[in-house]
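Just below is one structure, and these are the notes that go with it.
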There are 2 protein chains.
Amino acid sequence: MKDLTARQRQILNFIRSKQDSEGLAPTFREIASHFRFRSPNAALAHVQALCQKGFLKHLPGRARSFFALDQEGSGWTLPHGRGSVRVVSVPIYGSIPAGLPQDASQEQEGCVLIDVETLGIKPTARTFGLKVRGDSMLGRNIVDGDIAIVEHGVQPRPGDVVAALIDGQVTLKTFIMQRGKPYLRAENPRYPSLVPQEELQIQGVMVALVRKRK
Amino acid sequence: MKDLTARQRQILNFIRSKQDSEGLAPTFREIASHFRFRSPNAALAHVQALCQKGFLKHLPGRARSFFALDQEGSGWTLPHGRGSVRVVSVPIYGSIPAGLPQDASQEQEGCVLIDVETLGIKPTARTFGLKVRGDSMLGRNIVDGDIAIVEHGVQPRPGDVVAALIDGQVTLKTFIMQRGKPYLRAENPRYPSLVPQEELQIQGVMVALVRKRK
DNA sequence: CTTCATACTGTACAAATGTCCAGTATTTAG
DNA sequence: CTAAATACTGGACATTTGTACAGTATGAAG
């Protein structure tokens, strides 16, 4: 996917922001007016460039028919109240094979949609849901059947719940520091309590939790 | 708020569905065409009626500037994978005044977006989020800061967590039956454990729970 | 019966809007 | 230097679109 020029990104952002703030995409002339173009053609040219590069969709002949095609991360920007919310679709995995789920759509058990602000995540980060099995995290009030929303590639802070890969199995543990060294702690007395962090691979940090009625 | 006629509701639904499915509100002529009107004026008249009754907003002079003002079933249908998902926006209240929140937008603390399937709710039912204060539901692994998604107008089943109004305060309790009589149980030893159900008003049943990272 | 609201038809026009053509700088890549 | 891409100006035109005015028909309310 080609990159955008600075100007093109400005145009795209303007279209997005108009859609977000007013719930209505701008016209070519409104774009031109905002950037002080004296002709709608400059706007047209930019829009065409954006379409060609796959960042925008435009239905020819129809007013205000701009659709920002989200490049990074699937997601949508929805009108909401006065402003807007950004939602991402998060796949739910029952178990995660070694490594990161690339396109493990087979193992997928479903989906949750979450608004970005609720989670406080960056839409660029890779996020997935992990169905909790067993009661290893009871001490953190996480029970069987809960869906842990896990974000990959985030530095865990002490006390965070993390998803770690141990013996090919993904488990939730608490990330802690002791004497400057990182450890993982299981939150249930029946499990080995402390694991040195070197022995395993942290898949991600839990940023949210979703629980359904049973 | 006045009621809509059957035809007006059809028009409103069409505008909504167009916005949902195509991401673009229709023009007067597109409305007319869909209903086989031979003039855009019929559409105009209906839109004006909808605006007057407060179900729709329209910016005069601007193309496709329709905004369905969510009366009851706010929500969107998003493309998702092969199919689509329906999402609703759920307001979060820190506290709920007596009665049901009608347009208590002042007390609102934010919003969560949840896909309907995850919750298994009927989009018509009135749903809201309730920010949990304190640890009265620790026994059910619900902690301070959690957001309980509560659905109004649903019959609670024994064992369900319900939101109940006691002394003007909304509290979460467990709904149980004992000898055929309904009771509410607090899930923390420091609280009075059993309350006969007659003394209070059940606001709704918790259908889901959302927890953010602190 | 009359009055009113609802639900349209038909014509028309002006404003909003998309889009084409022909240019001019400026920058970037080779 | 040359060619191509980018970033515009200016004018023009055809559609799309919103909207006003003038009617017709129907059913409900009084």
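Quick note on labels: first sequence line is chain A, next is B, and so on, each numbered from 1.
Residues forming a side-chain contact (heavy atoms from CB on, under 4.5 Å) with Gln48(B) (at least two apart in sequence, or on another chain): Leu44(B). Residues passing the side-chain contact (heavy atoms from CB on, under 4.5 Å) test with Ala63(B), sequence neighbours excluded: Ala63(A), Arg64(A). Judged as a ring-ring contact (aromatic ring centres under 6.0 Å, His included), and not counting sequence neighbours, the contacts of Phe35(B) are Phe14(B), Phe37(B). Residues satisfying the side-chain hydrogen bond (donor to acceptor under 3.5 Å, both in side chains) test with Asn141(B), not counting sequence neighbours, are none. With sequence neighbours excluded, no residue forms a side-chain contact (heavy atoms from CB on, under 4.5 Å) with Ser33(B). Residues passing the side-chain contact (heavy atoms from CB on, under 4.5 Å) test with Thr5(B), sequence neighbours excluded: Arg7(B), Gln8(B), Lys53(B).
Across the protein-nucleic acid pair, Gln52(A) atom CD and dA5(D) atom C1' stand 12 Å apart, rounded to whole Å. Distance CG (Leu24(B)) to P (dT17(D)): 9 Å, rounded to an integer number of Å. Whole-Å rounding puts the Ile31(B) CD1 to dA7(C) P distance at 14 Å. In this structure, the CD1 atom of Ile15(B) is 14 Å from the P atom of dT17(D), given to the nearest Å. Atom NZ in Lys53(A) sits about 9 Å away from atom C1' in dT6(D), given to the nearest Å. The distance from atom CD of Glu30(A) to atom P of dA15(C) is 17 Å, rounded to the nearest whole Å. In this structure, CZ of Arg9(B) is placed 17 Å from C1' of dT6(C), rounded to the nearest angstrom.
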## Note on the structure
Each nucleotide of nucleotides 23-30 of chain D classed B (base within 4.0 Å of a protein heavy atom), S (only sugar-phosphate) or -, in 5' to 3' order, makes --------
Could you run down the sub-3.5 Å N/O contacts of the protein with nucleotides 24-30 of chain C?
none

Enumerate all atom pairs, one protein N or O and one N or O from nucleotides 18-21 of chain D, separated by less than 3.5 Å.
| residue | atom | partner | partner atom | Å |
| --- | --- | --- | --- | --- |
| dG18(D) | OP1 | Arg64(B) | N | 2.9 |
| dG18(D) | OP2 | Phe28(B) | N | 2.9 |
| dG18(D) | O3' | Gly61(B) | N | 3.1 |
| dG18(D) | N7 | Arg29(B) | NH1 | 2.8 |
| dG18(D) | O6 | Arg29(B) | NH2 | 2.6 |
| dT19(D) | OP1 | Gly61(B) | N | 2.8 |
| dT19(D) | OP2 | His58(B) | NE2 | 2.9 |
| dA20(D) | N6 | Asn41(B) | OD1 | 2.8 |
| dA20(D) | N6 | Asn41(B) | ND2 | 2.5 |
| dC21(D) | N4 | Asn41(B) | ND2 | 3.0 |

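Each of Arg38(A) and Ala49(A) lies near DNA chain D, and the nucleotide nearest Ala49(A) is the one positioned closer to the 5' end.
Atoms CG and CG, on Leu130(B) and Leu209(B) in that order, are 11.0 Å from each other to the nearest 0.5 Å.
Between His46(A) and the phosphate of dT6(D), there is no side-chain N or O to OP1/OP2 separation shorter than 4.0 Å.
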Side-chain donor/acceptor pairs under 3.5 Å, residues 55-62 of chain A, sequence neighbours excluded:
| residue | atom | partner | partner atom | Å |
| --- | --- | --- | --- | --- |
| His58(A) | ND1 | Ser65(A) | O | 3.3 |
| His58(A) | ND1 | Ser65(A) | OG | 3.2 |
| Arg62(A) | NH2 | Glu30(B) | OE2 | 2.7 |

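Partner Asp146(A) forms a side chain to side chain donor-acceptor pair (under 3.5 Å) with one of Arg211(A), Arg133(A), Lys212(A), Lys131(A) and no other, that one being Arg211(A).
The list of salt bridge (charged side-chain N to carboxylate O under 4.0 Å, His left out) pairs with a residue in residues 154-165 of chain A, not counting sequence neighbours, reads Asp160(A)-Arg213(B).
The closest side-chain heavy-atom distance from Ile15(A) to Lys18(A) is not below 4.5 Å.
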